[in-house]
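Report on the following structure.
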Amino acid sequence: MKSKYFFRIFNSLFVLGIISLSFTGSSCNDIIDALTNNGDVAGTWNLSQNGGAQFDVCPGEIVTFSTSTATLTCINSTPITRNYTTANGVLTYTETGISYNYNVTTSSGTTKLTMNGRNGVNRNLVYTKTATDNQSAGPQQKTDKQNFPNSSELK
């Protein structure tokens with residue numbers, strides 16, 4: 001008998017919660033992304049802003065984060081792979097020890113990854129998530145003429 005009332009109360013609260021979404025102006029996609037992403041950095045990101053005291057990350061850097069590996073690609077350079085960890089809003093490249101406070105936000109359909117350097121790394125980086133992973137499968141040009149490090153290294 002008690003479980004019958006509990007089930008009715010739960011269903012009523014659930015329906016009220018769904019109905020309230022239309023009044024809060026929240027986009028269903030934003031809510032679903034927040035529930036599924038949970039601040040996750042997985043995916044392909046394009047560098048859109050480089051700030052702070054160190055403007056030394058290559059312009060247009062593309063980072064692809066998989067489960068525990070990041071592939072960093074600068075234009076006309078060979079991609080490099082770095083292992084990384086995330087915990088409590090901190091992303092750390094394990095080989096170099098470079099760490100960033102990070103935050104993933106979605107607004108107006110655009111997902112951004114904001115990374116602020118820690119422990120003497122004076123970089124503030126903003127990446128925009130690539131809508132689809134449609135990277136060209138063609139050969140990479142191998143030139144080392146640029147003197148930009150990637151975001152996993154210090155200059």
Quick one: closest heavy-atom pair of [X] and [Y], and the distance?
X     : Y      : answer
Thr92 : Ser99  : OG1-CB, 3.4 Å
Val57 : Leu47  : CG1-CD2, 3.9 Å
Trp45 : Val104 : CH2-CG1, 4.2 Å
Ala70 : Val63  : CB-CG1, 4.3 Å

About how many Å separate [atom2] of [Y] and [atom1] of [X], when rounded to the nearest 0.5 Å?
X      : Y      : atom1 : atom2 : result
Ile75  : Ile62  : CD1   : CD1   : 6.5 Å
Asn46  : Leu113 : CG    : CG    : 11.5 Å
Lys112 : Lys129 : NZ    : NZ    : 14.5 Å
Met115 : Ile98  : CE    : CD1   : 10.5 Å
Leu72  : Ile80  : CG    : CD1   : 5.0 Å

Non-neighbouring partners of [X] that pass side chain to side chain contact (heavy atoms under 4.5 Å, CB included), sequence neighbours left out:
X      : answer
Asn103 : Thr105
Glu95  : Arg82, Asn83
Thr86  : Val41, Tyr84, Leu91, Tyr102

Quiz item: For Thr110, what residues pass the side chain to side chain donor-acceptor pair (under 3.5 Å) criterion, not counting sequence neighbours?
Solution: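 Residues passing side chain to side chain donor-acceptor pair (under 3.5 Å) with Thr110: none at all.
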
Quiz item: side chain to side chain donor-acceptor pair (under 3.5 Å) with Thr128: which residues, sequence neighbours excluded?
Solution: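 With sequence neighbours excluded, Thr128 shows a side chain to side chain donor-acceptor pair (under 3.5 Å) to Ser48, given in chain and number order.
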
Quiz item: Is the closest side-chain donor-acceptor distance between Thr69 and Thr81 under 3.5 Å?
Solution: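 On atom types as modelled, these side chains do not qualify, holding no pair under 3.5 Å.
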
Quiz item: Could you go step by step and tell me if Arg118 and Asn101 meet the side-chain hydrogen bond (donor to acceptor under 3.5 Å, both in side chains) rule?
Solution: CA-CA 7 Å; Arg118 297 169 38 104; Asn101 291 321; 3.1 Å; yes

Quiz item: Going through the checks in order, is the side-chain hydrogen bond (donor to acceptor under 3.5 Å, both in side chains) test met by Tyr127 and Glu61?
Solution: CA-CA 9 Å; Tyr127 292 89; Glu61 177 183 65; 2.4 Å; yes

Quiz item: In this structure, which one of Thr71, Thr44, Thr73 forms a side-chain hydrogen bond (donor to acceptor under 3.5 Å, both in side chains) with Thr64?
Solution: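 Looking at Thr71, Thr44, Thr73, the match for Thr64 under the side-chain hydrogen bond (donor to acceptor under 3.5 Å, both in side chains) is Thr44.
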
Practice problem: Could you tell me how the ring of Tyr100 sits relative to the ring of Tyr93: parallel (under 30°), tilted (30 to 60°) or perpendicular (over 60°)? | Solution: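 Geometry flag for Tyr93 against Tyr100: perpendicular rings.
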
Quiz item: Does the side chain of Leu125 reach to within under 4.5 Å of the side chain of Gln49, using non-hydrogen atoms?
Solution: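 Leu125 vs Gln49: side chains apart.
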
